Structures are given as C-alpha cells and as structure tokens.
Colleague: 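Here it is, the structure in full.
None of the values given here were measured: they were computed from a predicted structure. Every chain is numbered from 1 and lettered A, B, ... according to where its sequence line falls, protein lines coming before strand lines.
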There are 2 protein chains.
Amino acid sequence: MKAKFDLSEDQNEAELNQNMMASLVGYHCRRASAALDPFSHPRMAAFHLRPGDFAVLSLLRANPDVSQKRVAEGIGVSAPNLAPILDRLESRGLIARERSLSDKRVQTLSLTVDGLPLCREAEKTAAALESEATAMLNGAERRQLIALLQKVYVK
Amino acid sequence: MKAKFDLSEDQNEAELNQNMMASLVGYHCRRASAALDPFSHPRMAAFHLRPGDFAVLSLLRANPDVSQKRVAEGIGVSAPNLAPILDRLESRGLIARERSLSDKRVQTLSLTVDGLPLCREAEKTAAALESEATAMLNGAERRQLIALLQKVYVK
DNA sequence: TATTGTTATACTCTATAACTATA
DNA sequence: TATAGTTATAGAGTATAACAATA
C-alpha cells in the first residue's frame with residue numbers, strides 16, 4: 001500500500017478530476033433526476049407501480065375516459081409499449097378498458113373504484129418524497145428551477 | 001366524427017389536463033434530460049459511442065491511468081456492467097488495459113493514440129450540441145440552473 | 001478472508017415490424 | 001386506405017450471484 005503523503009505519483013486515494021461532462025447542464029440534469037426518482041424509495045415501491053403504471057393512473061385521474069392513443073401520447077410511450085402496462089393495471093383491477101360505441105376501434109380508459117384511491121395515495125407519497133428530496137430548496141428556488149427546466153425542453 | 005363545437009362532452013380534440021406529475025421537479029428534470037441528451041443526435045451518433053463509452057473516455061482523458069474500480073465508481077456503473085464497455089472500447093483500439101505491477105489484481109486504463117483525439121472530438125461535439133440545445137438560456141440562467149441542480153443531488 | 005475484475009443471467013425500458021378489427 | 005390497438009421481438013441499461021486470480 002502507498003503511504004499517505006505519496007499522492008503526487010498517482011491518484012489511488014485522491015478525488016478524480018472533474019471531466020468535461022461536469023460542464024454540461026444535461027449531466028447535472030441526469031444526476032438530479034436520479035436523486036429525485038421516487039420509485040427507488042421503499043415508500044413508493046410499496047404500491048408496486050412502475051413509472052409507466054403511475055404515469056397512466058395519474059393521467060387518468062386528471063383526464064377521465066381518454067383513449068389509449070391519447071394516454072400513450074400523454075405519457076410519451078409508444079402504443080406497443082403501452083399495451084403491457086394497461087394489461088398489468090387491468091389485471092390488478094386498477095383500470096378498466098371500455099370499447100367506444102361510436103368507434104369500435106378505440107378503447108376508453110378509466111380508473112376503477114380500487115384504482116382511484118390507490119392513485120391518490122401514490123400521488124401523495126410521490127409528492128411527499130419529492131418534497132423531502134428537495135428540502136434544500138426554498139419556494140422561490142424551486143419555482144425558478146422548474147421555470148428554467150421548462151425553458152430548456154418546452155417546444 | 002364529432003363536430004368541432006362539441007368539446008364540452010369529451011376531450012377528443014382538447015389538450016390533456018396537467019396531471020399531478022407536472023408539479024414535480026423530478027418530472028421536469030427528466031424531460032429536460034431527454035431534450036439535452038446528445039446521443040440521439042446524428043452528429044454525436046457518428047462517433048458510435050454509447051453513453052457509458054463516452055463517460056469512460058472522458059473520465060480517462062481527465063484522469064490518466066486509473067483502475068477499473070475507480071472508473072466504475074467515477075461514472076456510476078457497476079463492475080460487471082463496466083466490463084463489456086471496456087471490451088468494446090479495447091477492441092476498437094480506443095483504450096488499453098494494463099495489469100498493475102504492484103498489485104496484479106488491478107488493471108489500469110488509458111486512452112490510446114487513437115482514443116485521445118476521438119475523445120477530444122466527441123467532447124467538442126457534445127459541448128456544441130449542448131450549447132445549441134440550451135441557446136434559450138443566457139449565461140446567468142445557465143449557471144443558476146446548474147447551481148440549483150447540484151443543490152438537489154450533491155451529498 | 002477480502003478485493004479486483006469477469007461471466008452469466010435476469011429484469012426493465014424502448015424501438016420496430018407485422019398483425020387484427022374497424023373506419 | 002388509414003387508424004386503434006395488439007403481438008412478437010430485439011436492443012440497451014441495470015442489477016445480482018457466482019467465479020478466478022491475487023492480496
């Protein structure tokens with residue numbers, strides 16, 4: 001093993017130099033995203049919802065009776081990848097698929113009596129975890145962070 | 001088909017209501033991350049580097065001759081998942097693995113004569129794309145965005 | 001015994017082509 | 001022909017267990 005004073009020869013015990021990626025907004029965005037991800041937390045995991053599942057439930061709560069097409073667009077997932085998400089939620093009895101009468105190609109989605117309260121609780125938990133994970137920001141900082149992020153991706 | 005004036009009954013042609021996720025910093029972080037991802041851009045794709053590949057090269061350029069263990073920690077990837085990244089870079093002749101003489105368990109990584117200029121060009125391209133993708137931010141906004149993001153994930 | 005690195009494997013997310021049933 | 005939804009499949013990222021070589 002190397003002596004502690006011998007740090008000029010190599011970096012066995014020193015910090016790594018910052019590389020170029022640390023100058024990119026995108027890099028810090030990804031790290032912050034990971035730090036704020038609620039799905040790795042046990043309190044959120046207790047709902048047994050994957051990110052896509054939660055996105056569907058939350059969208060349906062705010063937008064009752066929308067078609068699968070619009071849900072797919074709304075949560076940014078392709079139609080083929082939405083199908084297994086809906087299968088899972090339907091088999092858990094959290095959502096219902098209903099064939100539209102006016103156009104029998106479309107299926108309309110809605111939260112069930114079990115799905116609605118579970119969605120509410122999951123949303124409350126996600127909001128609480130986010131609030132804890134961003135406790136170092138005051139209200140103004142939080143609003144400004146969101147405003148700057150939106151400026152980057154909107155349109 | 002529905003008449004255009006009949007929008008009160010459903011939302012076939014209306015915007016979706018914002019759901020709860022739009023109130024979360026984490027949601028906007030993910031969207032901004034996606035918007036800033038350089039790897040989906042043709043100019044970056046031309047290097048045929050995956051995100052992990054690029055992270056390794058960039059780290060090695062800033063930190064010559066570090067062990068695989070430290071690279072894995074530095075780019076936030078597990079040791080088993082680092083192996084195929086290094087195999088790929090090594091077989092392309094971009095990096096070299098060298099057995100340490102003092103401890104024959106460790107392998108020291110370095111950029112080759114081909115790896116260094118490719119890394120430089122890839123970094124230049126990534127920086128240029130980021131700069132274009134964040135053109136709507138002025139210098140002060142950019143610095144503040146990074147500062148706020150770091151505040152969220154540091155420590 | 002502990003550590004470095006490897007192999008094997010599995011799970012999730014994402015992307016695409018081909019299919020069905022309706023329009 | 002075009003659209004809504006499904007199935008099948010493959011790619012890439014990530015996680016864990018078990019192993020070999022070395023300390």
Colleague: Of the candidate nucleotides C/dT6, C/dG5, C/dT3, which contains the atom at the shortest distance from the side chain of B/K69?
Modeller: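 Out of C/dT6, C/dG5, C/dT3, the nucleotide with an atom closest to B/K69's side chain is C/dG5.
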Colleague: So if I take residues 71-80 of chain B and measure heavy-atom distances to DNA chain C, which residues fall below 4.0 Å?
Modeller: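 Close to the strand are B/A79, B/P80.
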Colleague: Determine, for B/R120 against B/E123, whether the closest basic-nitrogen to carboxylate-oxygen distance falls under 4.0 angstrom.
Modeller: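 No.
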Colleague: Could you check which of C/dT6, C/dA21, C/dT4 has an atom nearest any side-chain atom of B/V106?
Modeller: C/dT4
Colleague: Pairing donors with acceptors under 3.5 angstrom, does anything connect the side chains of B/S100 and B/D103?
Modeller: no
Colleague: Does A/V152 sit in a hydrophobic cluster with other residues, and if so which ones, taking ILVMFWY side chains as linked at heavy-atom separations under 4.5 Å, directly or through other members?
Modeller: A/V25, A/L36, A/M136, A/L137, A/L145, A/I146, A/L148, A/L149, B/V25, B/L36, B/M136, B/L137, B/L145, B/I146, B/L148, B/L149, B/V152
Colleague: Return whichever of B/Q68 or A/R88 has its heavy-atom-nearest nucleotide of DNA chain C closer to the 5' end.
Modeller: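 Checking each residue's closest nucleotide, the 5'-ward one belongs to B/Q68.
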Colleague: I want to verify a distance call: between C/dT14, C/dT6, C/dT22, whose nearest atom is closest to the B/R97 side chain?
Modeller: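 Selected nucleotide (nearest to the side chain): C/dT6.
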Colleague: By a strict heavy-atom criterion of less than 4.0 Å, which residues belonging to residues 20-52 of chain A are in contact with DNA chain C?
Modeller: A/R50, A/P51
Colleague: Report the relative orientation of the aromatic rings in B/Y153 and A/H28; use parallel for angles under 30°, tilted for 30 to 60°, perpendicular for over 60°.
Modeller: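 Plane angle under 30°, so parallel.
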Colleague: Between the side chains of A/E130 and A/R142, is the shortest nitrogen-to-carboxylate-oxygen separation below 4.0 Å, so that they form an ion pair?
Modeller: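 Between A/E130 and A/R142 there is a salt bridge, with a charged N closer than 4.0 Å to a carboxylate O.
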Colleague: Where the side chain of A/R31 meets the backbone of B/Q150, is there a donor-acceptor pair that is under 3.5 Å apart?
Modeller: no
Colleague: Can you measure A/L101 atom CG to C/dA23 atom C1' for me and round it to whole angstrom units?
Modeller: 15 Å
Colleague: Is A/D103 side chain donor-acceptor paired with the D/dA4 base, going by distance under 3.5 Å alone?
Modeller: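 Per atom types, no contact qualifies.
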Colleague: Quick one: which of D/dT7, C/dA23, D/dA15 gets closest to the side chain of A/K104?
Modeller: C/dA23
Colleague: Give a yes-or-no answer on whether the side chains of A/Q144 and B/Q144 include a donor-acceptor pair shorter than 3.5 Å.
Modeller: yes
Colleague: Using a strict cut-off of less than 4.0 Å between a Lys/Arg side-chain nitrogen and an Asp/Glu carboxylate oxygen, indicate whether B/E15 and A/R70 qualify as a salt bridge.
Modeller: no
